[in-house]
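What follows is a set of notes on a single structure, which appears directly below.
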Amino acid sequence: MSFSNLGLSQKVLDAVNTAGYTVPTPIQEQAIPEVLEGRDVLGIAQTGTGKTASFTLPMLTKLETGRARARMPRSLILEPTRELAVQVEQNFSIYGANHNLTVALLIGGVSFDDQFRKLDRGADVLIATPGRLLDHFGRGKLLLTGISILVIDEADRMLDMGFIPDIEKICKLIPPRRQTLFFSATMPPEIQRLTKAFLKSPARIEVASPSSTASTVTQLVQDAPNDFTAKRQLLRDIIKSEDLKNAIVFCNRKRNVDIVSKSLAQHGFNARCLHGDMAQRSRQETLDSFRDGTTKILVASDVAARGLDIPEVSHVINFDVPIHAEDYIHRIGRTGRAGHSGRSITLVSKSDQKAFSSVEKLIDKKLEKLSLTKPETTGVGGEKVAKKPRKRAAAKPRPVRPVDDTTKPHPVRPVDDTPNPRPKKEPVPGPSNVKPRHADIEKDHQKDTAKNGFSGDNVPAFLLQAVPGKRKSSS
Ligand code: AMP
């Protein structure tokens with residue numbers, strides 16, 4: 001089967017050719033003709049299957065006739081995260097290189113003004129996250145009555161993120177004569193209900209079972225200590241001993257994402273973090289730097305990293321076993337893409353055992369143990385590898401004032417700048433050994449940022465920096 005048999009326009013075929021694709025993927029082969037015929041589509045497919053092109057290519061063909069009017073977009077694509085929305089926009093610029101269509105991106109975390117202007121000019125394709133779309137609608141800047149094609153992408157992630165009421169609201173604002181293309185990796189009951197309510201006799205296309213993992217990924221498991229500090233040491237050892245080109249390290253909690261990335265950076269690794277609490281600009285900047293190879297190790301939360309299409313990721317490391325077993329499949333799907341091989345390594349401590357059993361049950365496979373070789377003294381990620389292990393400041397307890405926020409400069413008194421020679425260690429629980437129930441993770445995080453944080457020698461040095469504008473350390 002070739003792309004030219006699918007009914008796509010010449011402009012689209014030329015762009016596909018330029019992109020270097022010769023054979024359509026199974027979802028493309030099945031979905032494209034249905035979309036071109038005007039049918040609703042229910043695509044059960046994960047990212048990595050080529051599903052973005054399965055809706056963008058026929059959309060471009062269909063949108064070649066007609067023109068957009070001010071504030072009345074002709075098509076709408078809903079994405080659960082800003083990064084995915086940006087990624088789909090990038091797909092439109094590649095596949096739509098021979099078109100003169102206008103694409104507007106409505107995502108949170110960036111200014112409304114540019115978005116207003118784009119809407120005013122008229123958008124053939126609107127790509128949005130649900131919250132920002134409804135914001136614009138509420139301000140009267142947008143009419144949804146001109147939409148003839150609606151795409152709901154990553155519906156099960158929308159569900160996880162609590163967007164279903166927004167999706168229902170949006171579906172009701174768009175005329176029912178539209179064509180709806182609906183994609184989800186899994187079909188939990190909530191999602192099935194949604195498809196029954198909003199799809200009209202859709203063509204159902206399923207290309208991968210929800211429990212399948214790519215054969216190009218070697219999946220390994222490593223016993224890990226419960227202790228957070230020791231676990232970070234293990235992570236460094238793994239990174240050094242693996243033949244690692246680049247890696248995404250997943251943590252379950254945003255706070256740990258922050259700490260693990262800063263700790264890696266502090267040990268000289270080329271690492272940055274990505275999580276939902278970061279400003280949009282810095283999220284995108286981090287992602288771009290990982291994509292172009294400037295950053296080698298991306299420490300990320302599930303929400304931020306879901307569905308990211310970065311073709312050559314050599315390793316995925318699960319610093320924590322994911323709470324939802326399906327997330328394991330999404331995580332490891334970040335490697336072994338586009339014909340490359342990849343490795344995933346999952347760190348499993350005692351308290352992770354239950355979650356890990358669910359993962360093995362879901363993928364119906366016992367994972368092989370990693371044989372961890374002795375770390376080398378030179379490695380990837382740009383680390384300055386210390387020959388000797390760094391000495392902890394055990395001999396001299398560090399007087400640290402509790403911090404109030406992990407994102408603001410930390411009001412930590414510099415080490416030698418204290419009148420009290422023997423400060424008391426504060427028995428504040430650090431992040432180690434804390435295994436929250438999964439329902440508590442988000443709540444926990446909100447508390448994290450409001451709460452005072454760390455104690456004694458668990459404190460990473462990045463928290464010990466002087467506050468800009470305050471008195472400098474005398475050390
Ligand atoms: P997606 O599932 O949409 O995230 O796509 C995964 C990756 O596959 C992206 O990097 C696409 O550029 C790539 N891709 C999509 N369609 C094809 C194709 N027919 N042949 C080769 N690569 C493709």
Side-chain angles (χ1 to χ4, degrees), residues 1-8 12-33 35-36 41-61 77-97 103 125 127 151-158 181-186 205-210 212-217 246 248 287-288 290-293 300 302 304-314 316 326 329-342:
M1 171 66 80
S2 94
F3 277 101
S4 54
N5 301 331
L6 299 177
L8 294 165
V12 172
L13 289 175
D14 290 345
V16 166
N17 195 27
T18 310
Y21 306 159
T22 49
V23 182
T25 65
I27 183 124
Q28 290 163 1
E29 192 180 317
Q30 294 173 68
I32 291 172
V35 180
L36 290 173
V41 166
L42 169 58
I44 304 167
Q46 305 172 22
T47 50
T49 55
K51 81 173 155 67
T52 317
S54 80
F55 61 82
T56 49
L57 301 182
M59 276 176 80
L60 282 162
T61 298
I77 300 169
L78 292 171
E79 292 291 334
T81 67
R82 300 162 186 182
E83 281 75 13
L84 281 171
V86 171
Q87 208 164 275
V88 172
E89 189 199 27
Q90 289 163 349
N91 272 257
F92 267 98
S93 32
I94 297 167
Y95 307 136
V103 178
V125 182
I127 305 164
V151 180
I152 299 169
D153 196 15
E154 300 267 335
D156 50 353
R157 178 50 55 158
M158 301 267 198
L181 316 176
F182 190 102
F183 294 88
S184 190
T186 56
I205 300 165
E206 189 164 359
V207 293
S209 101
S212 67
T213 50
S215 57
T216 46
V217 183
N246 59 0
I248 304 180
L287 207 50
D288 290 345
F290 186 66
R291 246 196 204 109
D292 70 22
D302 287 291
R306 169 79 179 238
L308 295 181
D309 177 31
I310 300 164
E312 292 187 50
V313 176
S314 75
V316 163
E326 308 85 63
I329 293 159
H330 293 295
R331 288 180 180 188
I332 72 160
R334 302 307 100 218
T335 182
R337 289 168 83 80
H340 297 279
S341 60

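Whatever order the structure lists ligands and atoms in, that order sets their numbers, starting from 1. Computation of the quantities below employed the complete heavy-atom set of this structure, encompassing side-chain atoms and omitting hydrogens, waters and symmetry-equivalent molecules.
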Kindly list each side-chain donor-acceptor pair under 3.5 angstrom involving residues 14-22, sequence neighbours excluded, with atom names and distances?
| unit_1 | atom_1 | unit_2 | atom_2 | d |
| --- | --- | --- | --- | --- |
| D14 | OD1 | Q10 | NE2 | 3.0 |
| T18 | OG1 | D14 | O | 2.8 |
| Y21 | OH | Y95 | OH | 3.1 |

Kindly confirm or rule out an N or O of [X] lying under 3.5 angstrom from an N or O of ligand 1.
X: Q46; answer: no
X: A53; answer: no
X: T22; answer: no
X: F3; answer: no
X: Y21; answer: yes

Does any part of the side chain of L84, heavy atoms only, come nearer than 4.5 Å to the side chain of E154, both counted from C-beta?
yes

Report the part of Q87 in contact with ligand 1, treating N, CA, C, O as backbone and CB onward as side chain, heavy atoms under 4.0 Å; options are side chain, backbone, both, neither.
neither

Can you name the side-chain contact (heavy atoms from CB on, under 4.5 Å) partners of P26, sequence neighbours left out?
Q30, V207

Pull out every atom of ligand 1 sitting under 4.0 Å from any heavy atom of T52, numbered as shown with elements.
1 (P), 3 (O), 4 (O)

With heavy-atom distances below 4.0 Å as the criterion, list the atoms of ligand 1 near V23.
18 (C), 19 (N), 20 (N)

For the pair I77 and M59, evaluate side chain to side chain contact (heavy atoms under 4.5 Å, CB included) and give the outcome as yes or no after the intermediate values.
CA-CA 11 Å; I77 300 169; M59 276 176 80; 3.9 Å; yes

If you compare all heavy atoms of P24 against all heavy atoms of Q28, which two are closest, and at what distance to 0.1 Å?
CA-OE1, 3.4 Å

Taking all heavy atoms of P80 and all of D153, pick out the closest pair and write down the distance.
CD-O, 3.7 Å

